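What you are looking at is a predicted structure, and each value in this text was computed from that prediction instead of being measured.
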Amino acid sequence: MYKYFPHTEADLKAMLEKVGCKSLDDLYAQIPEDIRFRGDYDIPLSASEQEVRQAFQLLGSKNHQLVCFAGMGAYDHYTPSVIPHLLSRSEFLTSYTPYQAEISQGTLHYIFEYQSMMAELTGMDVSNASMYDGATATAEAMMMAVAAGKKVNKVLVSGCLNPNTFDVLKTYALHQGIELEVLPIREGSTSLDDVKARLAEGGVAGVIVQQPNVYGIVEDFTGFADACHEQKALLVVDSVAADLAVLKTPGEWGADIAVGDGQSLGIPLSFGGPYVGYMCCTEKLIRKMPGRIVGKTVDNRGQRAFVLTLQAREQHIRRQKATSNICSNQSLMALFVTIYMALMGREGVKEAAERSYAAAHYLCDELQKTGRFQLVYQKPFFNEFYVKYDGDVDTLYQRFVQAGILGGIRLDEGILFAVTEKRTKEEIDNLIKVAAL
C-alpha cells in the first residue's frame, strides 16, 4: 500500500531498538497528551492529477495580485519568457555537485560564465559559484574579513544597511564570536569621518557598507577603501546586482569584497525566494572565499573543457575547521541570472536600470507636487526613494490596496517606494492619483 516508503517494519523495529524504544508511542512519550492530535486529517485519500491541479489553481486564485512599488532588497523586474525553458535543459539542470568534470560540463560551463559576468559587473578579480542569498553572502563576507584580519574580531556596519541583512549578520556573528558595531547615519548616509575615527581606535577587521543604501541613496565611498587599508581592514560593499550596470562598481570604489543579491537580474519575486547571493573579491583573498571557483582549460584532445579550479576542501573533510558552511550550492538560480544576463546583454541590463531610474524620479517628483510627500534626505537616489507623508499612513495603504497597488514599504517614520522598468506610466500615474486623494 505504501510502496514509496523506504523503511520496512523490520527497519523501524531495528531503529527503535537502537534508541531504546519499543514503539513509536515510546518515542514520543515526552510530548504531553493534551497537545497531541488524535483525530483524522482532513486530507482526501486519493485524487487524480487533474483534481490536484484544479485544487491548487483554486487556492492560487485567492491571491490578490498587486502592482508592485515595493523594494528594500527584492524588486519586480522583467523576466524574459525563454528563461524557464532554458533552465530545464538536461545539460544544465542537475542536483549533483559537479565533482566529476567529465560528466558535469554543462553545469561547470554555466558556472564559469556566471563567474565571468559577475566579476565584470562588480569590477572585481574573481567570483565564486554563487551563494544562498544576498544576506548570507554579506554574512560570509563578514567572516572572511575576520579570518583575513587575524586576532581582530570587530566589524563596522553602516547604519544604512538593510535591516533584514543586519539581522542575518547578528545571527552569524553571535555564533562566530564576532563583534558588530553600527556606524551612525548622517543625513541618510555613512560618514567617512566616522569610519576613520573608529578605525583609528584599532581592532577592526572590516567595514560593511551598502550601495544604494536602504533609503535608496547612492552613497559616495571616496576614501573609504584607503581608510580601511591604512588600518589593515577590509572594505565590503553590498550592492543590488542590477544597479551595478549603471553605478560605480565596488571594484572602482576599491572594495576588497563585493556581495549582494542577484534577484534583481530577472528572478521573479516569488513571495520571497528562492534568490541568489553573489560574492566577488580581489585575487589576494581568493583562498579565503567560501564555495568553489570553476576554470577553463583544454582536454587531451585540445578541446575546451571546464573544471573545478579551486574549492575549500576542509568544507568537505574537516568540517570542524571550515570557515564557511556554503560549499554545495547547486546554483540553479545562478543559472537563472546567467541566462538573463546573456539574453539581455550589457546594453539590455543597462537600459533596464536606466528605465528604473527614470521612472522612480518621475514618481518622486509627481508625489512631491501633490504637497503631501517630501523626501526625507535631499540626496541622489537610484530607483528607490524614502519620503514622509503628511496624512495617515494606514489610510493611505488601505487606498493603495483597494486600488490594486502595493504602495511601498513602511520604514521607520516614512515610506520607501521602488520603481522598476516593468512599471508603466499609467501605473505610476494611478498611484499618484490615489496618493493625492
Side-chain angles (χ1 to χ4, degrees), residues 71-74 128-185 190 198 203-211 213-215 233-241 250 255-264 267 269-281 285 288-291 312 314-316 318-331 333-334 409-412 416:
M72 208 172 92
N128 70 4
S130 82
M131 311 289 282
Y132 177 67
D133 62 12
T136 50
T138 308
E140 295 285 343
M142 170 188 70
M143 292 192 293
M144 273 181 70
V146 172
K150 301 175 183 177
K151 297 182 179 180
V152 287
N153 68 338
K154 181 168 289 187
V155 175
L156 307 182
V157 181
S158 168
C160 302
L161 187 73
N162 187 316
N164 300 324
T165 302
F166 186 62
D167 285 344
V168 174
L169 290 183
K170 287 192 292 185
T171 301
Y172 271 67
L174 175 65
H175 299 286
Q176 294 289 331
I178 297 172
E179 184 180 347
L180 294 177
E181 183 176 321
V182 179
L183 294 165
I185 300 170
T190 314
R198 185 56 196 86
V204 175
V207 177
I208 300 176
V209 294
Q210 182 173 314
Q211 182 76 307
N213 68 27
V214 69
Y215 302 112
L234 301 184
L235 176 62
V236 179
V237 178
D238 181 320
S239 300
V240 177
D256 301 283
I257 307 172
V259 290
D261 209 300
Q263 180 274 330
S264 57
I267 297 178
L269 290 172
S270 304
F271 300 96
Y275 297 157
V276 62
Y278 70 85
M279 173 178 277
C280 304
C281 68
L285 293 170
K288 297 290 185 182
M289 184 165 59
E314 75 273 5
Q315 293 169 355
H316 307 293
R318 292 195 302 166
R319 294 182 182 179
Q320 70 276 14
K321 294 186 177 181
T323 57
S324 167
N325 65 352
I326 301 292
C327 60
S328 58
N329 182 4
Q330 302 308 324
S331 65
M333 305 317 292
I409 294 176
R410 298 176 70 166
L411 180 63
D412 300 328
L416 191 65

Give the minimum heavy-atom separation between [X] and [Y], together with the two atoms involved.
X      : Y      : answer
Ala139 : Val168 : CB-CG1, 4.2 Å
Ile409 : Gly71  : CD1-O, 3.5 Å
Ser331 : Ala129 : CB-O, 3.9 Å
Pro290 : Asn128 : O-ND2, 3.1 Å
Ala145 : Ala205 : O-CB, 3.6 Å

Which distance, rounded to the nearest 0.5 Å, do you find between the [atom1] of [X] and the [atom2] of [Y]?
X      : Y      : atom1 : atom2 : value
Met143 : Leu169 : CE    : CG    : 10.0 Å
Met131 : Met289 : CE    : CE    : 9.0 Å
Lys288 : Ile257 : NZ    : CD1   : 11.0 Å
Met279 : Leu285 : CE    : CG    : 10.0 Å
Asp256 : Cys280 : CG    : SG    : 13.0 Å
Met333 : Ile267 : CE    : CD1   : 4.0 Å

**Message:** Does Leu234 form a side chain to side chain contact (heavy atoms under 4.5 Å, CB included) with Met144? I'd like the steps, not just the answer.
**Reply:** CA-CA 9 Å; Leu234 301 184; Met144 273 181 70; 5.7 Å; no
Quiz: residues 153-163 side-chain donor-acceptor pairs under 3.5 angstrom, not counting sequence neighbours:
unit_1, atom_1, unit_2, atom_2, d
Asn153, ND2, Gly177, O, 2.9
Lys154, NZ, Glu179, OE2, 3.2
Ser158, OG, Cys160, N, 3.0
Ser158, OG, Thr190, OG1, 2.7
Asn162, OD1, Asn164, N, 2.8
Asn162, OD1, Asn164, ND2, 3.4
Asn162, ND2, Met72, O, 2.9

**Asked** Under 3.5 Å, is there a donor-acceptor pair between the side chain of Ser239 and the main chain of Gly260?
**Response** no
**Prompt:** Can you name the side-chain hydrogen bond (donor to acceptor under 3.5 Å, both in side chains) partners of Asp261, sequence neighbours left out?
**Reply:** none
**Asked** Who pairs with Thr138 by side-chain hydrogen bond (donor to acceptor under 3.5 Å, both in side chains), at least two apart in sequence or on another chain?
**Response** Asp238
